[in-house]
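Lettering follows sequence order; numbering is per chain, from 1.
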There are 2 protein chains.
Amino acid sequence: MYRISQLAKRFGLSRSTLLYYDQEGLLSPSERSEAGYRLYSEGDLDRLAAIASFRKAGLSIDEIRAILAAPEKGERSVLQRRLAAIGEEIRALKAQQSLLARMLRVQSGESLPESMDKETWVAMLRAAGMDDRAMETWHAEFERRAPQAHHAFLLSLGIGAEEVLTIRRLSESAWAGAEGRVP
Amino acid sequence: MYRISQLAKRFGLSRSTLLYYDQEGLLSPSERSEAGYRLYSEGDLDRLAAIASFRKAGLSIDEIRAILAAPEKGERSVLQRRLAAIGEEIRALKAQQSLLARMLRVQSGESLPESMDKETWVAMLRAAGMDDRAMETWHAEFERRAPQAHHAFLLSLGIGAEEVLTIRRLSESAWAGAEGRVP
DNA sequence: ACTAAACCGTGAAGCGGTAGACGGGTCAAG
DNA sequence: CTTGACCCGTCTACCGCTTCACGGTTTAGT
């Protein structure tokens, strides 16, 4: 049985955060002491571990509550939606970055971009002799062998979530036309 | 003389935002109509243009207020601090991204998607018609255009640090020898 | 037994905006 | 002159906590 500040310290959270989770009905202690102190059990601890890792992934309180209430129901879709949202956020931040760079008239990052973007990537593949059809094949292979990695890779090029889905769908159909599907 | 909703529409902002800017003393209309309506002048419009672009760069209300009060004073340093902060935010989001990717991978069972590795990557490129010489060219382009990203990418395929350096050194020399090539 | 420190509970306000409700003003057509 | 469609100003709540303030409880040390 842990008291609130002990539990907070153990998880690197603040007491206030746990008070807030209780208030929101996300994690209520399973017992109270005579004086009314919150007493957290081992089970509460497990639940908090789950909550903490979902929060680290940026899920909202509501989303976490929904997942914990019915994990089998829509956990995957919630996580995937968050993954897409993160891509958008990163893209927005990169836009801010370049806007600021322009304001500061600092061209430092321009000559050697530290992160890859779509245009540079395509230019590289073309330099290596790939044409449009080869790239299609490549996307289709990527989608077939590692859809998840394909998704993450496209996002890492700064491509927006919608366009990513479009590309993946095109990749699937390109491949479906070529061969029979393996689960 | 614009009224509040006209101005909002012209700038793609919401009425609430302009109300908030007034409340915060960031942009107060230079006049009021008899009925108490806010009336914005051309000067106000210019000021709002500045505010909007700073906001697009992610500056806080306080920071914008400070810059507009004394532009010569600390504008550059504020912008540079924001630029650094954006880097942090992107890093944090990327951490969330990989956490989520791991969660989704674990859930989906290990049947289909595993993270990308060197063999799968090479197989994909071969399927798209790339031969050894094309891959060499591609590495060379990668190294020339974005050395840092090249490094990060090789590591992401699970290639060891030493081998990464070997590949990069080969890429450099390949480029030196192929300088006149047309893509 | 007493005191002080460190803990606990509850309640409220604040951050940077955004979004909505509310009641009242304004302007057209009828 | 009235109806309706908008517009306006003001006020409030929301996100995910954090920080304050107040007063009661537990613990350690004397």
Do F54(A) and L79(A) touch side chain to side chain, with heavy atoms closer than 4.5 Å? yes

Using whole Å, report how far CG of L19(A) lies from P of dC8(C). 9 Å

Any carboxylate oxygen within less than 4.0 angstrom of a Lys/Arg side-chain nitrogen, looking at D44(A) and R47(A)? no

To the nearest Å, how far apart are Q23(A) CD and dT10(C) C1'? 10 Å

Encode nucleotides 15-27 of chain D as B, S and - characters from 5' to 3', where the letter depends on protein heavy atoms closer than 4.0 Å: B to the base, S only to sugar-phosphate, - to neither. -BBBB----BBS-

NA contact type, I4(A), heavy-atom cut-off 4.0 Å: base, sugar-phosphate, or nothing? sugar-phosphate

Rounded to whole Å, the CZ-P distance (R32(B) to dT26(C)) equals 14 Å

When rounded to the nearest 0.5 Å, the distance separating CZ of R76(A) from CG of L83(A) is 10.5 Å

Between P on dG9(C) and CG on L39(A), what's the gap in Å once rounded to a whole number? 9 Å

Rounded to whole Å, how long is the line connecting atom NZ of K9(B) with atom C1' of dC8(D)? 14 Å

Before accepting this row, confirm whether a basic side-chain N of the pair R32(B)/D22(B) lies closer than 4.0 Å to the acidic partner's carboxylate O. yes

R65(B) side chain near dG16(C) phosphate (N/O to OP1/OP2, under 4.0 Å): no

Taken in chain and number order and not counting sequence neighbours, the residues that satisfy salt bridge (charged side-chain N to carboxylate O under 4.0 Å, His left out) with R82(B) are E89(B)

Below 4.0 Å: OP1/OP2 of dT10(D) and any side-chain N or O of R38(B): yes

Under 3.5 Å: donor-acceptor pair, side chain of S28(A), backbone of G25(A): no

